[in-house]
Every structure is written in C-alpha cells, then in structure tokens.
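Lettering follows sequence order; numbering is per chain, from 1. Here the structure is a predicted model, which means the values were calculated and not measured.
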2 protein chains.
Amino acid sequence: MKNRLKVERAEHNLSQADLADRIGVSRQTINSIETGRYVPSTILALKLAQVFNKAVEYIFTLEETD
Amino acid sequence: MKNRLKVERAEHNLSQADLADRIGVSRQTINSIETGRYVPSTILALKLAQVFNKAVEYIFTLEETD
DNA sequence: TTGGTATGTCAACTTAACTTTACATATCCA
DNA sequence: TGGATATGTAAAGTTAAGTTGACATACCAA
C-alpha cells in the first residue's frame with residue numbers, strides 16, 4: 001500500500017510530530033506509516049484523511065502485492 | 001467506529017464467508033469486524049470498499065470514542 | 001560553533017489483528 | 001426429520017501495530 005502522507009504534510013506544513021499530535025499517536029508511528037513499515041488501522045486512516053480533508057482512497061492506495 | 005458491512009452484504013447478497021473469500025481473510029475476521037470486535041487494517045478497509053464500490057468513509061465512520 | 005528542529009531507525013515491550021479449529025444456534029427445504 | 005447454509009463466538013496461537021526511550025544525522029539560525 002502506498003501513501004501520500006509526506007506530500008500532504010508538506011502541503012499543510014506539518015512535521016511528523018505535529019501530525020502525530022493531531023491524531024493522537026507517537027511520532028514513530030507516523031514515520032513508520034510514511035516509510036511503509038506499518039499498515040495503519042482504519043481508525044488512523046480515517047483520522048489522517050480527516051486532517052488533510054481528503055478521501056482515504058486518495059491518501060492510501062492499494063498495490064498489486066496487497 | 002461504526003460500519004455498514006452487514007447492510008452492504010445484504011444489498012450485494014453476499015454471506016460473511018463470500019465476502020471473506022473476496023478479500024482473502026477468514027470468515028471469523030469478517031464477523032469480528034462487523035460486530036465491532038476488531039478494527040480492520042487500512043488494506044482490508046480499502047478492499048472492502050472496493051468490493052462494494054463505495055468510499056471507505058461511507059462504509060466506516062468514526063465515533064466520538066475513536 | 002552551538003542549540004533547536006526534523007527525520008530515520010532500533011530495541012524491547014504490550015496489545016490487538018488475524019488464523020485455525022471447534023461448537024452452538026437458527027433457518028430453510030427436500 | 002435430516003442435511004445444508006449462515007451466523008456468533010470462544011480458545012489458543014502467530015504476527016503485526018503501536019508504545020516509550022534512545023541515539024544518530026542533517027539542516028538552519030543565532
């Protein structure tokens with residue numbers, strides 16, 4: 001699964017720590033999601049999409065291997 | 001987090017086992033998600049939304065407690 | 001050059017997702 | 001009545017998500 005978190009953060013001028021605070025997770029969790037080490041829960045995906053005011057499908061997209 | 005899986009299944013005339021097969025998980029996993037015991041991964045949410053041809057946000061919605 | 005901010009990553013830990021196996025119940029139909 | 005299908009749930013196990021704490025690096029501004 002790919003994600004646009006890094007780009008969205010840049011557009012909204014948020015650091016990983018800022019974003020983590022917004023949705024109530026640790027900075028490392030955001031980093032791990034961004035770098036593809038973790039697949040977030042649906043609750044986190046919904047909250048992240050909400051922060052950026054975008055659809056979940058826009059921020060996260062399935063890949064062949066999923 | 002609430003979800004519309006049961007309704008969507010009914011509209012698409014799919015059993016829990018059918019849906020499980022479609023997205024490659026066990027029947028119990030579908031049941032557990034439907035009854036709110038598990039929060040699915042974002043990959044599962046995207047696949048479920050894909051099966052029903054609906055937005056993730058339409059199928060899964062955040063609640064106060066999330 | 002030093003201090004603050006941002007990012008990447010690792011280790012150890014806890015909790016939750018997901019699996020298989022299994023059993024119970026309800027409905028429906030031949 | 002009996003068998004097939006659908007659903008709910010429990011137990012035990014594995015894997016992955018998410019935590020805290022820590023350290024390294026890079027960049028930028030004072």
Hey, does B:Ser15 reach any base, or is it just sugar-phosphate, or nothing, if we go heavy atoms under 4.0 Å?
-> sugar-phosphate

Shared hydrophobic cluster for A:Leu62 and B:Leu48 (ILVMFWY, side-chain gaps under 4.5 Å) = yes

Sugar-phosphate only, base, or nothing, as touched by A:Ser26 at under 4.0 Å among non-hydrogen atoms = base

Validation row: B:Leu5, B:Gln16 side chains within 4.5 angstrom (heavy atoms) | no

Taken to the nearest whole Å, CG/B:Asp18 to P/D:dA4 is 18 Å

Under 3.5 Å, is there a donor-acceptor pair between the side chain of B:Ser41 and the main chain of A:Ser41?
-> no

Would you mind classifying the nucleic acid contact of A:Ser41 as base, sugar-phosphate or nothing, using non-hydrogen atoms under 4.0 angstrom?
-> sugar-phosphate

Between B:Glu34 and B:Tyr38, the residue closer to the 5' end of DNA chain D by nearest nucleotide is B:Glu34

Given atom CD1 of A:Ile30 and atom C1' of D:dG18, what is their separation to the nearest angstrom?
-> 11 Å

To the nearest Å, give me how far apart CG (B:Asp21) and P (C:dC18) are.
-> 16 Å

Distance in angstrom units between A:Lys47 NZ and D:dA17 P, rounded | 17 Å

Starting at atom CG of A:Leu44, determine the distance to atom C1' of C:dT15, rounded to an integer number of angstrom.
-> 14 Å

Grab the CD1-P distance between A:Ile43 and C:dA16 for me, whole Å please.
-> 11 Å

Side chain of B:Gln28, base of D:dT7: donor and acceptor closer than 3.5 Å?
-> no

Could you state the atom-to-atom distance from CD1 of B:Ile33 to C1' of D:dT9 in whole Å?
-> 15 Å

Are B:Arg4 and B:Lys54 close enough that some pair of their side-chain heavy atoms sits under 4.5 Å apart?
-> no

Exam field: side chain A:Asp18 to backbone A:Ser15, donor-acceptor pair closer than 3.5 Å | yes

May I ask you to verify if any side-chain N or O of B:Arg9 is less than 4.0 angstrom from the OP1 or OP2 atom of D:dA6?
-> no

Interatomic distance where CG belongs to A:Asn31 and C1' belongs to C:dG8 [whole Å] | 5 Å

Donor-acceptor pair present, B:Arg27 side chain and D:dG8 base, under 3.5 Å | yes

Of all the nucleotides listed (D:dA17, C:dA17, D:dG8), which has the minimum atom distance to the side chain of B:Val39?
-> C:dA17

